[in-house]
Amino acid sequence: MGDHEVETTEDQRTVRIGKLEALRETGVNPYPYKYDITHRSKQIIDNFEDLEESKLEVAAAGRLMSIRVMGKAGFCHIQDDLGQIQIYFKKDSVGDELYALYKQLDIGDIIGCRGKVFRTKKGEISIWAESFEILAKALRPLPEKWHGLKDVETRYRQRYLDLISNLDVKNIFLTRGKTIRSIRDFLDDKGFVEVETPILQPLYGGASAEPFTTYHNRLGMKLFLRIADELYLKRLIVGGFEKVYEVCKDFRNEGLDRAHSPEFTMVELYQAYADYNDIMELYRELIIYVTRETLGTSVLSYQDQEIELDCEWNRLPVLEAITKFTGIDSESLDDKELIKACKEKQIEIDESRGRGKIIDDIFKEKVQPNLVQPTFITDHPVEMSPLAKVHRNNPKLTERFQPYICGFEMGNAFSELNDPLDQRERFELQKQLSKLGDKEAQMLDEDFLRAMEYGMPPTGGLGFGVDRLVMLLTNQTNIREVLLFPQLKPE
RNA sequence: GGGGGUGUAGCUCAGUGGUAGAGCAUCUGCCUUUUAAGCAGAGGGCCGAAGGUUCGAUCCCUUCCACCCUCACCA
């Protein structure tokens, strides 16, 4: 009696440690080495008729998600990689010793079970246990079986619990895996070669962003975590690769919000002898392919919008887009007049960082939210695009495009600048922006210019964010929902 | 960084200026086809942290911490 009183005041973890010790005392190893599985839960359910007919014994394993004991018989559900299946334990079938062990099981324990399959009176396909064993004793209780784990912070900090109790969360990451797989399949099929380039870089470049810095002790040098891999992939084009891509983790030392994570995944690709028109079509085909492979349809359902991807995509030069949505004809205005026009229309702009930044501000505020249907925004002003080739018909513009879907900027692409003297001038312009206080102005990379001076073929290039693509495919509004372990402050 | 919100049992959530409640989970007993199993009983809480007001604070005030939404920054 006294012992019971002590026991009931203990928390669930302590109770389970007690059970663990009791198991060891009876010679049961609560953490054995392996278990031979013959079927996953889904295979049993899919092949039920044959398995029942043949009276074949199956062996399945998984995590206990529910237990119902009724005196001398009981049920439980185990969950494995592919789903759940019910197990029936009958004292007469498993014997007194195992039945006593069954009654000591806790939700969360991982068990393996052998038996024949059958259908219960209520019609549920189940395994009639003939034997079972504990494969791993769980010491902590799982979240509530009905409501699951809801607390967002706990879901991110303890993603393993989120994955165990929320099936739809697991599906997001299955979709993420399929997405990356299908991107590779598509590009491989088109003859692209996958490469790997440095994450630790002595100079950073290829995008406008603040970097993370680190230090190599032995070399005694500062290094940056890459913000993009563009300049390395272009060196490979110089080196004779004609179609390359990289699935790359990039790092940007900037604010976090629902569309930005300091660590994120990009795909960059470069194709020699192509221009941005070719890349536009390649991107459209890629998105349609990936969507079909992951969702089985070319229609995206995002929030309350339905978007058919398999069609002609709108194409709209950025300055025309601004005229369309604000009435401002920026080409006919000088800088002062443009700033005045913005003030009249109450558009908030940062006028200290040059004309390119002003255009960018107007675009983000007034145009971007309207770009729900797939749209290529093209031909950005040259000040905004230091790595893009000047437009063949207009020296103030570049051959550049950014695809937009559901208001998200999905990527960035150019006819790549391959004139080394022009490229040097663009870097000089960036230096001036840096002096104006633009922390994201791009650095001059002498070796990159040297490579280009050996001759880089005309090239089309593209970078796109995988996380945002997965957000669209899984109908998520926060990037953290598509990152397994999002960045959080320490507990 | 600004604005708004949340933080109570392992989980999901109620609630009150007089130190707390439900369901699930846990423990004990009964129950040989149950399924959010059932029935009977029991245990479990520094009410995010630190100050303040008060006879008395989980509740009111201040500060801090974490998370969410939003704006700003940012491809």
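In what follows, every chain begins at residue 1, and chains take the letters A, B, ... in the order their sequences are listed. Only this structure's heavy atoms are used, side chains among them; waters, hydrogens and symmetry mates stay out.
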Now, which nucleotide makes the Watson-Crick or G-U wobble pair with [N], with each of the two distances under 3.5 Å?
N: B:G1; result: B:C71
N: B:A66; result: B:U6
N: B:C30; result: B:G38
N: B:C11; result: B:G23

Can you tell me which nucleotide in [options] comes closest to the side chain of [X]?
X: A:D106; options: B:C27, B:C68, B:G23; value: B:C27
X: A:K72; options: B:C74, B:U34, B:U32; value: B:U32
X: A:V69; options: B:C31, B:U32, B:C74; value: B:C31
X: A:M70; options: B:C27, B:A25, B:U34; value: B:U34
X: A:R157; options: B:C69, B:U33, B:A66; value: B:A66
X: A:Y88; options: B:U34, B:U32, B:U26; value: B:U32
X: A:W146; options: B:A36, B:C68, B:C27; value: B:A36
X: A:R480; options: B:U12, B:U32, B:C67; value: B:C67
X: A:V152; options: B:U34, B:C74, B:C68; value: B:C68

If you compare every side-chain N and O of [X] against the phosphate oxygens of [N] (OP1, OP2), does one of them come in below 4.0 Å?
X: A:K91; N: B:C31; answer: no
X: A:R140; N: B:A25; answer: no
X: A:K364; N: B:C74; answer: no
X: A:K122; N: B:U33; answer: no
X: A:N253; N: B:C74; answer: no

Base, sugar-phosphate, or nothing for [X], non-hydrogen atoms under 4.0 angstrom?
X: A:K150; answer: sugar-phosphate
X: A:F118; answer: base
X: A:R119; answer: nothing
X: A:A209; answer: sugar-phosphate
X: A:Q86; answer: base
X: A:N478; answer: sugar-phosphate
X: A:G411; answer: nothing
X: A:R258; answer: sugar-phosphate

Looking at [X] and [N], is any side-chain donor or acceptor paired with a base atom of the opposite kind under 3.5 Å?
X: A:E124; N: B:U34; answer: no
X: A:H147; N: B:C11; answer: no
X: A:D257; N: B:C73; answer: yes
X: A:Q12; N: B:A25; answer: yes
X: A:T120; N: B:U34; answer: yes

With rounding to the nearest 0.5 Å, note down the distance linking [atom1] in [X] to [atom2] in [Y].
X: A:Q305; Y: A:L472; atom1: CD; atom2: CG; result: 9.5 Å
X: A:I479; Y: A:D257; atom1: CD1; atom2: CG; result: 8.5 Å
X: A:L286; Y: A:E281; atom1: CG; atom2: CD; result: 11.5 Å

Which word best sums up how the rings of A:F118 and A:Y88 line up, parallel for under 30°, tilted for 30 to 60°, or perpendicular for over 60°?
->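 The rings of A:F118 and A:Y88 sit tilted, inter-plane angle from 30° to 60°.
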Could you check whether the rings of A:F401 and A:Y276 sit parallel, tilted or perpendicular, using 30° and 60° as the cut-offs?
->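 Rings of A:F401 and A:Y276: tilted, as their planes differ by 30° to 60°.
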Using the [atom1] atoms only, state how far [M] lies from [N], rounded to an integer number of Å.
N: B:C31; M: B:G45; atom1: C1'; answer: 33 Å
N: B:U54; M: B:C68; atom1: P; answer: 38 Å
N: B:G44; M: B:C55; atom1: P; answer: 33 Å
N: B:C46; M: B:U58; atom1: C1'; answer: 10 Å
N: B:C59; M: B:G17; atom1: C1'; answer: 7 Å

If you find the nucleotide of RNA chain B closest to A:E254 and the one closest to A:E153, which residue's nucleotide is nearer the 5' end?
->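 Closest to the 5' end, via its nearest nucleotide, is A:E153.
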Identify, between A:P143 and A:S385, the residue whose nearest nucleotide on RNA chain B lies closer to the 5' end.
->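 Its nearest nucleotide being more 5', the pick is A:P143.
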Heavy atoms, side chains only, cut-off 4.5 Å: are A:F376 and A:L371 in contact?
->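 No, their side chains stay 4.5 Å or more apart.
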Side chain to side chain, A:T323 and A:L319, heavy atoms closer than 4.5 Å =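 No - every pair of side-chain heavy atoms lies 4.5 Å or more apart.
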CA sep, side-chain torsions, deciding dist, call: A:F132, A:F89, ring-ring contact (aromatic ring centres under 6.0 Å, His included) = CA-CA 9 Å; A:F132 77 94; A:F89 293 90; 5.1 Å; yes
